[in-house]
Amino acid sequence: MRHKVLKISSLLLLVQLAGCASLGVQPWERDLLAKDEMALDAEGVDLALDDHIYFSKEATSGGRAFAGGGCGCN
Amino acid sequence: MQLMNKPINISSALAAATCALLGAPNANAADTDELWKFDTALMYYGEVDRVTAVEAIIGATKDFGDEHIFSGKVTIDGLTGASATGAVAQPVAQTFTRPSGDGNYVTGAGETPLDDTFHDTRVQLTAQWTQPIAENMRASGGVNFSNEYDYMSFAVNGSVAYDLNQKNTTLSLGLSYAFDTIKPEGGIPLAFSSVAIKPYSDDSENEQENENEYEDDFNRTRVDDSDNKNTIDLMLGLTQVINRRMIMQFNYGLSLVDGYTTDPFKILSVVNEQGLTQDLLYENRPDTRTRNSFYWQTKYALDFGVADISYRFATDDWKIDSHTIDSRLRINLSDTSYLQPHFRYYQQGAAEFYRPFLMEGDNVPEFASADYRLGEMTAYTVGLKYGMELDNGDELAFRLEYYQQTPKNAGFNEPGALQDVDLYPSLKAVIAQVSYRF
């Protein structure tokens, strides 16, 4: 199972990397991407609070950030 | 001026993006000024008939120049209320002894047993430092400390991020190590030992004798005062600008847990063929867990706002697979205000050792837990956020959400009386939050 997962993820990463070279924008085309609300963690505080709720209520955590330990939440 | 600022903004945004994907706290890089920036929030979380929590966050970020960024965060939360014990509802009232061994509570007929003594305050501190270490390369390191009455966690993390393809692509690698200690009141229970029931005070001549007998029984179910676990997380990330409007992020996370993963407050009912409880046992979980997660996020700049959607697939060797879709749509109402609907859907399968109850006469399995959070369930969140920029440039936002969990029977037959009670009650909660950024 673990080998399978590793293989699939390595393959995905390679495909992504190969595709990356033709993607993207020139520096002067970043007007929209540079907006605060386009930052991937623009909702930083909300995401931290949500992570804590779902960490303590569901069996899965992490993904966006480290799954880590952190609390003995009930 | 605009042109001079732009490249810095871009790299700051990428740095922040990288930090996000590496598990760093909100390292919202400052522009060119060197003022502290603060992100604060106060959140209320209230479940119907169960837990209530209030959580406050103060985050601070400062750019010391040349992208040498410090960010720190203080989180304080207070929790109170009742939490499902794992025991099944019965057609008659049930008496339970609190996990500490000190005192009893009664659960009414047909009601899900909830331990009502849940009360805790947690303080969490995080600090993170991020800086360039070579051309197109940044490193970040941080510490995280969390302490509550019976639980303490200490974690360190480190990561590197590398930009290529004109900073349209960022690769990152992060590692985190956490050490957690749990010291429950009354000690760590012995796996699958019978829960001792404290005798009621009845002023009889046998009272002292009964009390002594109970204390002996209780102590026989204890193995230690505290226990701990180690967690190592590895995260590989890829952030890619797709076009002028779209940015994507892919993460692969591997998490290795080694140590005490059992919940010392959770128990299992042992029922007979009529579905009536004959005994209560402390649960037991494996002492290792290996988790894999695959995360994909896309943000798209619309003419009127931003669409943000993410999907996560997680799988682990407890055989819990989960799917999560999280989406936000920011709709700008004006240059300074917006409305943001939020929808999240979550689905998980049951752990292979999840048992809603055990049958009398059957062999006790190696591992078993009736914690509904390890069972099959779906959950959804719907919410709405309203944010506005004030005249002085500060930001104020309000968020209101509804969260509902719907546990499901993962294929267990329900003998006798258990067919007449709700073994998988839904959980409903309201989340209300005020945020202020200055």
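Fair warning: this is a prediction, and the values are worked out from it, not measured in the lab. Order of the sequence lines sets the chain letters (A, B, ...), proteins ahead of strands, with each chain counted from 1.
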Item to check | B/Arg328 and A/Asp50 ion-paired at < 4.0 Å | outcome: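 A salt bridge links B/Arg328 with A/Asp50.
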
Heavy-atom distance under 4.5 Å to chain A: side chain of [X], backbone, both or neither?
X: B/Asn230; value: neither
X: B/Gln340; value: side chain
X: B/Tyr403; value: side chain
X: B/Ile242; value: both
X: B/Arg50; value: neither
X: B/Gln297; value: side chain
X: B/Met246; value: backbone
X: B/Arg330; value: side chain
X: B/Ile232; value: neither

Do [X] and [Y] get their side chains close enough for a donor-acceptor pair, meaning under 3.5 Å?
X: B/Asn168; Y: B/Gln240; value: no
X: B/Gln249; Y: B/Tyr295; value: no
X: B/Thr315; Y: B/Asp321; value: yes
X: B/His342; Y: A/Asp46; value: no
X: B/Tyr346; Y: B/Thr381; value: no
X: B/Ser322; Y: A/Thr60; value: yes

For the candidates [options], which exhibits the highest count of non-hydrogen atom pairs separated by less than 4.5 Å from chain A?
options: B/Glu401, B/Arg344, B/Glu55; result: B/Arg344
options: B/Ala379, B/Ala301, B/Ala155, B/Gly81; result: B/Ala301
options: B/Phe154, B/Tyr300, B/Trp318; result: B/Tyr300

Next on the checklist: Evaluate B/Arg244 against A/Asp31 for salt bridge (Lys or Arg N to Asp or Glu O under 4.0 Å), listing each step before the verdict.
Outcome noted: CA-CA 8 Å; B/Arg244 187 170 154 258; A/Asp31 53 334; 2.8 Å; yes

Next on the checklist: Would you say the ring centers of B/Tyr252 and B/Phe294 fall short of 6.0 Å from each other?
Outcome noted: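 Yes, close enough.
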
Checklist entry - With respect to chain B, which residue among A/Asp51, A/Ile53, A/Leu47 yields the maximal number of heavy-atom pairs within a distance under 4.5 Å? => result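 Between A/Asp51, A/Ile53, A/Leu47, the count favours A/Ile53.
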
Next on the checklist: Let's test your reading of the structure: which of A/Gln26, A/Glu29, A/Lys35, A/Glu37 forms the most heavy-atom pairs below 4.5 Å with chain B?
Outcome noted: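 It is A/Glu37.
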
